[in-house]
Amino acid sequence: MDKTMDEKISNTTNNNQSKFYMGEKNSIMHELSAIDLELDEKYNEILASIIGKDVSEISSKDFVGDKLEFLKYMSKDQDTLDRISEAKDKFEKDKKDITTNIIKLIKFKAELYKTNEKLIAELEDEIVSRRKESTRLNEEIINDEQNIEKCTAEIERAKKNLADMAAEQKAKEDDLTRQIEAFETVIALKDSSDPTYESDTKNIASLKAQLETSRQDYELNYDKQANESVISINIKALDEANKRFTDNKYILGLLMIDKNQETLDKVKQDNLALYDSFAQDIIDYQKAGINIKPEDLKLDEKTGTMKTSPESNKKGANSPLPGKKDESMSKPKEQSQVITNQNEPAEQVLGQQQMDNLPVPLTSRQIANNLKNRLLGCSPEEGKSILAASHFDDLVAAIPSFSRKERKALAEKVGQLNTEVNPQKLKNVISALNRSGVCSNFDVDSIISSDGKLKDFKNMSPENIANLNTFVSELGANKDYVSDEQLDFLENGLINNIKSRTLSHSLRPKSLGDFFKGKDAKDRDKDLEFGTSSLFANLSGVHKSETKVSKLQNSDKFYESLFGQTKDVIEQCPPKRTDDRSQVR
Amino acid sequence: MSNEDFDKKIKAVNDNLDLAKKFSESEKRLFDAYKFLLDLEVTANG
């Protein structure tokens, strides 16, 4: 094979990126067609030499397509075999060139794949940033909607004030005018010598002066100006909010997140399919003696191997390809490395000594104790991160084993950590996330009551708790799409709040029975004697001063709050037989 | 990034994929040729 084909592929490979970006794909394709044509000619040349004819006599593509069958047929003849032998030697160099070019082409495809990976990563970043922007815009839109509503209400209120003031002024002026007209009617009938004439004239002048002063006062009235100012300011704010609202809606439409995400998913899938094709091709080439190694492709620059993709799993490309030693298995593992190969005994992977040095995993109880101790001695800031710890459930589960003193201390600490959440802001953030599609349709009203306050989580229905859990896990899964500010707010405002409330609630015994469970009579008496008043105060919600045992024993409020029944009703009920006793009998 | 730039990059990825597909076709033809020469060798060596 001459150098032309080699050069063409070489040039194609080197120039592809720049050519591609300059829209010269057609030129590359043209070069490839030329290579293909040359290959056809080469086949014909080989076949012509085998059957002892001129190449011009062998031009049928069908004939070339059946080349292997043809070769099989011809090989029965000794003369042909001799010619095949000659052809083999003659085209030995071509075989090498073909190998080189196959390797070049597959490397070039790998370059295209990597270029696509970079482009896809850029596009993914763009989608993430657009999602964040969409969330921010949605939040602003909700705020503007509220501002528009608020401004409109303010304008209406101020307009009504002005109308009331105008009506009042008109009534006042009408009254003065009526008085003036009455005097004028009377005075018209009087003679100037009438003794009341002068005083009536003075009254008219005085009333007219009052009328004028009233008009001037009305114009200068501070309240009137204030209301006018309120209208003017709110109209301006309303205009701004309206403009921003319209602009944001427009920008939101331009983001086209769903459409772009769909397109991106499609090309991502196609690029993964390209990646997958490498695995099988390389196996085929290696079987045929073409020495191409996965690491030559540098598809994963960190390991030098082909990386894992869900699609490549199907073809088994995760396992080391032929000729590639799996270095991850032979390399000594560091102590902190997690053992992930479930099929192989850990000792075989790590060695006994390394096994001995591995840290022993903590039990849930130890983790809970660590969290409890850290929580008791931490600052409010650290407390928030402890509440956010992944082993929070272990802490809650271990509460029954904590002493009364520890529970009390923990309850106080958790009380200090409780952050007040602005429910309206929470509502806005969640609504914005819903609108952006980050969290699917979480019902905000399930955590915020109609009066705009955060609901007490411990009284939430199971459906709402499940709903909230879904929201929190979706939020966790979509962290990239939520702005840092929103995430901080939700973590501090919602998640930590839920956790601290859960913890506080768990710290309170549900009933006296639970509280005294496992304690002997002596301990119970001791608790009753020393801890009764504050404990009962907490449990029953009555004031501490009312929780002396003697008072409590006769307090219906106490019995009602603890057992849901008055003392009389409880005393009338016969003692309940337990299952254990019935079994014994 | 404008929508136009976004679309341009998507087009770039798709063009690269098309190009890779064409190269795969050429690669396949080269591989067929290679296998043919291998058969030639096997036949010649009996």
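A note on names: the letters A, B, ... follow the listed sequences, proteins ahead of strands, and every chain is numbered from 1.
Contact of A/I106 with chain B is made through backbone and side chain together, with heavy-atom distances under 4.5 Å. For a residue to count as touching a neighbouring chain, one of its non-hydrogen atoms must lie under 4.5 Å from one of that chain's; by this rule B/S2 touches chain A with the backbone only.
Using a 4.5 Å cut-off on side-chain heavy atoms (C-beta onward), A/K96 and B/Y34 make no contact. Two residues are said to be in side-chain contact when any heavy atoms from C-beta on lie closer than 4.5 Å; A/L274 and B/N16 fail this criterion. At least one side-chain heavy atom of B/E27 sits less than 4.5 Å from a side-chain heavy atom of A/D281. At a threshold of 4.5 Å between non-hydrogen side-chain atoms, the residues A/I290 and B/F31 count as touching. Side-chain contact between B/L19 and A/F108: present, with at least one pair of heavy atoms (C-beta onward) separated by less than 4.5 Å.
Considering only residues two or more places apart in sequence or on other chains, B/F6 meets the ring-ring contact (aromatic ring centres under 6.0 Å, His included) condition with none of them.
Note that CD1 of A/I98 is 9.5 Å distant from CG of B/L38, once rounded to the nearest 0.5 Å.
Comparing A/M256, A/R130, A/K268 by heavy-atom pairs within less than 4.5 Å of chain B, the highest count is held by A/R130. When each of A/V267, A/L123, A/L264 is scored by its heavy-atom pairs under 4.5 Å with chain B, the top score falls to A/L123.
With respect to the salt-bridge test (charged N to carboxylate O, under 4.0 angstrom), the residues B/K9 and A/E126 do not qualify.
Listed for the B/N3 side chain is a donor-acceptor partner under 3.5 Å among the backbone atoms of A/L254.
B/L30 pairs with exactly one of A/I103, A/T99, A/T100, A/L105 by the side chain to side chain contact (heavy atoms under 4.5 Å, CB included) rule, that one being A/L105.
Applying the salt bridge (charged side-chain N to carboxylate O under 4.0 Å, His left out) test to every pair with at least one member in residues 251-262 of chain A, sequence neighbours left out, gives no pairs at all.
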